[in-house]
Amino acid sequence: MKPIFKIMIVDDEMLVRQGIKHLLNWEQEGYQIVGEASNGSEALSLMDEVNPHVILTDIVMPVMGGEKLVKLVKERYPHIEIIVLSSFSEYDYVRSTFQSGVADYILKPKLEADYLLSILNKTTAKMVAMKPEDDPSADREEGQILQAIEKLMTGYETALEPVVLDSKFPYGQYLFFGADMKHMKDSGDKWSFGNELERGLQKLALSEIVYMRLKFINDTALFLLNVSPERWDELVIELRHLISQMAHFSKETHFVISRSFTEFKSLGEIYHDNYLKLMRYGFFLEDRTLIEHEHLPALPDAYLEYDMGEFMEQLKRRQYQKAFTGFLEYVHLRSMDYRTDIFEFKSFLGNFIFNVTTTFGKMKVETGSLENAKYDYFRKIDEARYAGEAIAVVETFIQEAERAIGETNTSVNPNMTRLLEYIQDHYADPITLTGVARQFHFNASYLSSYFAAYNGEGFSEYLNKIRLEKAMELLMTTEHTISDISASVGYSDQSYFTKVFKKQTGISPSQFRRQDMREIRES
């Protein structure tokens, strides 16, 4: 029996890679696609992980081209055979690769199924005679399953013999479990993370569970898990524990547990309509390490679409604060709806910046710095990994816009008035900057800078001032204990209250009360 030979595809064009993967019935012909890369550097980082027998590589690629890849592979992995793909104009590069030991080359215009197969068969014929110790034929069934999974995930239909499927996945329930690694710049870090996650799955203290690592998914450590329905709840608990153990590796990683499904043929649908959606939700759910289909946060109440025309009219009427604050309130509310399309959300923010700079220009407002920086704002919004980061870019833009128009008069700022009134009414409650920001649909970091800019002091300083004024009044007009007064003005810790009080007045609350009593007697 002919062994299964592992193939890696290296080409910077995704359509070319997809075309090669679906050019042949690889398993039937004795081959298995085990990895793909968009350049030589990515290919080298995958080498130890996928351990290919043959590499099909393009010549001209960014970062590291095929010529250098061939040289490095033959130096480090001399047993691996390489077939070069090229166009007519690239033959000078191809000629140099023969000196490094490539097995053959194929002109891309001749990349047809029969021709590719004949080149592969010729290249691997000598490998059959060598009979390596680790016989590739042992991977035949797993290779068939991987190929079936890949076809389902890329929208193709496939069929597997029930006996083959049951040999790998004997239980009645499936799910996808994965982690987003796009924030990891180094490909070595990605594979180290993926390997550690796989080791964690190997150690799960559960029976009636199997998993398969799907190695062909870029920038994602993705696994297909098969589990007995009776063990579902235990599995989720074990996965949560595993995620907590992975926190030391990267605190920015989002993990996803898809909804479960019972039919293997539903795999592609669940991947696209559930798993990928959950992964995208991470853009809006920055603080959630784990995003589970069964435990998504509540959605905000229904909200109307934003009226950009009214916003423009407010700017023209010079109602700047009303316009900016209303926009930010809407943006923060919209960011709570994690179903929002990420591209549309970023485009909406970019459109806001464009409209403000254009309108200010027509109003003859001096906005040279904003106009010059707007493309930098567009870029930062586009590169933002989370909604909060994108909103922070807009908040910075608004602060610059406010400086340009000189709008800093608190007395005509109804939003600041609402904030101050809220603090006056709730100073005795355990309010925080984050809580107030949530109440008014602000980003906490923006509220902090907004409050300081329009009130002349920070949120904490102002809250402490209001609380201490109330405390002084109670110290002078009542006989309540200092502990009771501390609690009544919002301080749960008397020692902290005393510390803040002394820092502001120079004396302790008890000294303040005695001093006040002496002044009353003397008068």
Side-chain angles (χ1 to χ4, degrees), residues 180 182-185 251-254 279-288 300 303 305-308 311-312 314-315 320-361 365-408 413 415-416 433-434 436-438 440-454 458-459:
D180 180 11
K182 290 185 177 66
H183 61 286
M184 298 181 190
K185 303 301 181 185
K251 295 181 180 179
E252 299 179 69
T253 303
H254 284 294
M279 192 61 78
R280 287 193 291 269
Y281 290 169
F283 178 79
F284 297 99
L285 303 174
E286 179 179 356
D287 296 332
R288 288 209 166 206
Y303 54 90
E305 286 301 308
Y306 189 74
D307 189 341
M308 189 62 77
F311 170 79
M312 304 288 283
Q314 290 171 346
L315 290 183
Y320 302 125
Q321 290 307 315
K322 182 177 181 180
F324 290 150
T325 305
F327 177 81
L328 285 174
E329 287 180 352
Y330 172 80
V331 166
H332 285 291
L333 183 63
R334 187 170 178 180
S335 72
M336 294 178 189
D337 186 350
Y338 44 81
R339 302 168 305 178
T340 301
D341 182 84
I342 298 172
F343 177 79
E344 290 182 5
F345 183 78
K346 289 183 175 182
S347 298
F348 179 69
L349 299 184
N351 190 40
F352 163 80
I353 290 176
F354 177 81
N355 283 330
V356 171
T357 53
T358 302
T359 303
F360 278 5
V365 175
E366 181 55 49
T367 57
S369 60
L370 287 178
E371 184 68 31
N372 294 333
K374 70 179 181 182
Y375 293 105
D376 189 45
Y377 286 119
F378 294 155
R379 178 185 58 79
K380 289 179 179 177
I381 290 172
D382 183 60
E383 293 175 352
R385 289 188 56 237
Y386 299 112
E389 291 179 8
I391 294 172
V393 174
V394 173
E395 291 168 346
T396 301
F397 170 82
I398 289 175
Q399 292 170 14
E400 290 297 318
E402 289 171 335
R403 277 194 278 272
I405 60 179
E407 184 72 6
T408 57
N413 185 347
N415 298 292
M416 181 53 66
L433 176 69
T434 302
V436 174
R438 190 179 299 113
F440 287 91
H441 306 297
F442 276 93
N443 174 273
S445 62
Y446 175 71
L447 178 59
S448 178
S449 57
Y450 178 84
F451 197 96
Y454 293 106
F459 174 84

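If you read the sequence from its start, that first residue is 1, and numbering goes on from there.
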Peer 1: First locate atom CD of Glu402, then atom CD of Glu400, and finally report the distance between them rounded to the nearest 0.5 Å.
Peer 2: 10.0 Å
Peer 1: Would you give the length of the straight line joining atom CG of Asp180 to atom CZ of Arg280, rounded to the nearest 0.5 angstrom?
Peer 2: 12.0 Å
Peer 1: If the condition is ring pair (Phe, Tyr, Trp, His ring centres under 6.0 Å), which residues does Phe451 pass it with, not counting sequence neighbours?
Peer 2: Phe459, Tyr462
Peer 1: For the residue pair Tyr306 and Phe311, categorise the inter-ring angle as parallel (less than 30°), tilted (30 to 60°) or perpendicular (more than 60°).
Peer 2: tilted
Peer 1: Please name all residues satisfying salt bridge (charged side-chain N to carboxylate O under 4.0 Å, His left out) with Glu389, sequence neighbours left out, ordered by chain then number.
Peer 2: none
Peer 1: Could you measure the distance from the CD1 atom of Ile391 to the CZ atom of Arg334? Nearest 0.5 Å is fine.
Peer 2: 10.5 Å
Peer 1: Is the distance between the ring centroids of Phe327 and Phe348 under 6.0 Å?
Peer 2: yes
Peer 1: Just by distance, do the side chain of His254 and the backbone of Met279 share a donor-acceptor pair under 3.5 Å?
Peer 2: no
Peer 1: I need the Leu433 CG to Arg438 CZ distance, nearest 0.5 Å.
Peer 2: 10.5 Å
Peer 1: Go through Thr340 and Phe283 one step at a time and tell me if the side chain to side chain contact (heavy atoms under 4.5 Å, CB included) criterion holds.
Peer 2: CA-CA 10 Å; Thr340 301; Phe283 178 79; over 6 Å; no
Peer 1: Does Phe354 offer a backbone N or O that forms a donor-acceptor pair with the side chain of Thr357 under 3.5 Å?
Peer 2: yes
Peer 1: Indicate yes or no: does Arg379 engage Asp376 in a salt bridge with an N to O separation below 4.0 Å.
Peer 2: yes
Peer 1: For Lys374, which residues count as a salt bridge (charged side-chain N to carboxylate O under 4.0 Å, His left out) partner, sequence neighbours excluded?
Peer 2: Glu371
Peer 1: Any heavy-atom pair between the side chains of Lys346 and Phe378 that's under 4.5 Å?
Peer 2: no
Peer 1: Measure centre to centre between the rings of Tyr281 and Tyr338, then say whether the value is under 6.0 Å.
Peer 2: yes
Peer 1: Parallel, tilted or perpendicular: which one describes the rings of Tyr320 and Phe324, with boundaries at 30° and 60°?
Peer 2: parallel
Peer 1: Side chain to side chain contact (heavy atoms under 4.5 Å, CB included) between Phe352 and Tyr377: does it pass, once the steps are laid out?
Peer 2: CA-CA 11 Å; Phe352 163 80; Tyr377 286 119; over 6 Å; no
Peer 1: Compare all side-chain heavy atoms of Val393 with those of Leu349 and state whether any distance is below 4.5 angstrom.
Peer 2: no
Peer 1: May I ask you to test the Phe284-Asp337 pair for a side-chain heavy-atom distance under 4.5 Å?
Peer 2: no
Peer 1: Step by step, work out the side chain to side chain contact (heavy atoms under 4.5 Å, CB included) result for Ile381 and Ile353.
Peer 2: CA-CA 11 Å; Ile381 290 172; Ile353 290 176; 3.7 Å; yes
Peer 1: About how many Å separate CG of Leu285 and OG of Ser335, when rounded to the nearest 0.5 Å?
Peer 2: 9.5 Å
Peer 1: Enter the distance from Met308:CE to Asn351:CG here, rounded to the nearest 0.5 Å.
Peer 2: 5.0 Å
Peer 1: How far apart are the C-alpha atoms of Val331 and Val394, what are their side-chain angles, what is the distance that settles it, and do they pass the side chain to side chain contact (heavy atoms under 4.5 Å, CB included) test?
Peer 2: CA-CA 10 Å; Val331 166; Val394 173; over 6 Å; no
